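One structure below.
In this text the structure is predicted, and so the values were computed from the model without any measurement.
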Amino acid sequence: MHHIGRAIQHPPTELPVLEFWARDYDHVFAVYNPFFTVPGHHPDTTHYGPARINVSSADELSALAEAPPMPENPAPDEFPDLIKQTGSPLRWEAVRQAIGARDRALFERTVWLWALNIERDDTDDGMRAALTRYCTAQGIYPPEEDCMPAIMEPMLSDYLQALGIDEIMLWDEYRENALPAPREALDRDEVAVWLDGATGNSVRAVSAPGFLISWAFDDVHGVLALTDDLYRRCAPDRFLECRAYGVGGYVDLFNPAEFLDRLPRTGTH
């Protein structure tokens, strides 16, 4: 197995992110994958994203693996390009205010699990219903999951330009496949970027010296890490909806800290 340097790894859930990256980065932010709209399209009539279905046995799961279900009204293959080139991002905060959700932490957890179609006792049923009503009425797509969203590429390009970064590396989930690219590949008038390889072709991380943004499976936010030099050049909130991880903050920021098993802190940060 090839060695993967910590500076390009996605943080584990067991350690606080600042502690995990103490030797590599000085600032870490959660970056929210935006809600978005696409002119002429609606989630009900142009389905985009994974098809979800409940299974009750291993046989059903095996049958689904052999013949994955196709959603009704699937989006065309070039839909990510259309999202990137014509779509409009919508901030989580704007949606929170639009539905009148007062508890920000509960809202964020509810959005995450609503987007994944997972029901849990620590979300709010009324908030879920309000999200569905509002997004249906406005033709809003939920935040993309697992990977760099097409709608975010132009935003990220603008931020990288402000940082003075011209060359980037695109990575898959397991950091087995990488593709060097110019920063301009993320520009709005370009097609959505992809990788080829056995582990899939979606982009799960973007790196440059002193910079990393990474997405994990079943997440609707990225994790952005910066050296102090880059942070001083430009703070990410000028271009991205984000918030800083504090001391002791874990990568799965929408979960309560006690939801998963954690390792004892070492006091590095």
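Looking only at side-chain heavy atoms (C-beta outward), L226 and L163 come within less than 4.5 Å of each other. Using a 4.5 Å heavy-atom threshold, the side chains of V111 and F35 count as touching.
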Test side-chain contact (heavy atoms from CB on, under 4.5 Å) applied to N33 and M152, step by step:
CA-CA 7 Å; N33 289 5; M152 189 187 286; 3.6 Å; yes
Passes side-chain contact (heavy atoms from CB on, under 4.5 Å), V17 versus Y25? Steps please.
CA-CA 10 Å; V17 290; Y25 302 108; over 6 Å; no
Check the pair V193, L179 against side-chain contact (heavy atoms from CB on, under 4.5 Å), reporting the backbone distance first and the verdict last.
CA-CA 10 Å; V193 297; L179 179 68; over 6 Å; no
Show the numbers, then the answer: is there a side-chain contact (heavy atoms from CB on, under 4.5 Å) between T37 and Q138?
CA-CA 8 Å; T37 58; Q138 302 297 322; 5.8 Å; no
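For R133, there are no salt bridge (Lys or Arg N to Asp or Glu O under 4.0 Å) partners, not counting sequence neighbours. Take R128 and apply the salt bridge (Lys or Arg N to Asp or Glu O under 4.0 Å) test, not counting sequence neighbours, and it matches no residue.
Taking Ile, Leu, Val, Met, Phe, Trp and Tyr as members and joining any whose side-chain heavy atoms lie under 4.5 Å apart, directly or through other members, the hydrophobic cluster of I151 also contains F36, V38, Y48, F79, L82, I83, Y141.
Residues F254 and W92 bring their aromatic ring centres within 6.0 Å.
Within a 6.0 Å sphere centred on CG of D77, heavy atoms belonging to other residues, nucleotides or ligands number 12 at most. More than 12 heavy-atom neighbours from other residues, nucleotides or ligands sit within 6.0 angstrom of CZ on R233.
Summarising the geometry of L224 relative to P236, their closest heavy-atom pair is CD2-CB, 3.5 Å, with the distance given to 0.1 Å. Closest non-hydrogen pair, T46 versus P76, comes out as CG2-CD, 4.3 Å. Nearest heavy-atom pair, L212 versus A205, reported as atom, atom and distance to 0.1 Å: CD1-CB, 4.2 Å. The minimum heavy-atom distance between S157 and L186, with the atom names listed, is CB-CB, 3.6 Å. The nearest pair of heavy atoms linking D124 to M127 is OD1-N, 2.7 Å. The shortest non-hydrogen separation linking V206 to L156 is CG2-CD2, 4.3 Å.
Atom CD in E167 sits 11.0 Å away from atom CD1 in I165 (nearest 0.5 Å). With values rounded to the nearest 0.5 angstrom, L253 atom CG is found 4.5 Å from Y245 atom OH. Residue R243 holds its CZ atom at 4.5 Å from CD of E108, rounded to the nearest 0.5 Å. I140 contributes atom CD1, which lies 5.0 Å from atom CG of L90 (distance to the nearest 0.5 angstrom). The CG atom of D172 sits 10.0 Å away from atom CG of N201, with the distance rounded to the nearest 0.5 Å. Atoms CG and CZ, from D158 and R238 in turn, are 10.5 Å apart once rounded to the nearest 0.5 Å.
Judged purely by atom type and a 3.5 angstrom limit, D26 has no side-chain atom pairing as donor or acceptor with the backbone of T227. Between the side chain of R175 and the backbone N or O of E173, at least one donor-acceptor pair lies under 3.5 Å. For the pair R6 (side chain) and F20 (backbone), a donor-acceptor distance under 3.5 Å is present. Using modelled atom types, no side-chain atom of D219 and backbone atom of H221 make a donor-acceptor pair closer than 3.5 Å. In this structure a side-chain-to-backbone donor-acceptor pair under 3.5 Å is present from R109 to D122.
For Y32 and E93, the side-chain atoms include no donor-acceptor pair closer than 3.5 Å. Side-chain contact of T45 with N73: a donor-acceptor pair under 3.5 Å is absent, judged by distance alone. Side-chain contact of R204 with Y174: a donor-acceptor pair under 3.5 Å is absent, judged by distance alone. Under the 3.5 Å distance criterion, with hydrogens and angles disregarded, no donor-acceptor pair is assigned to the side chains of W171 and S214.
By the 30° and 60° cut-offs, the orientation of the rings of H27 relative to F29 is parallel. The aromatic rings of Y159 and F239 are tilted relative to each other, their planes meeting at an angle between 30° and 60°.
For the salt bridge (Lys or Arg N to Asp or Glu O under 4.0 Å) test with K84, the passing option among E153, E190, E144 is E153; the others fail.
Clustering ILVMFWY residues whenever any of their side-chain heavy atoms sit less than 4.5 angstrom apart, transitively, puts V28 in the very cluster that holds V247. Linking ILVMFWY side-chain heavy atoms closer than 4.5 Å, directly or via other members, places I118 and W114 in a single hydrophobic cluster.
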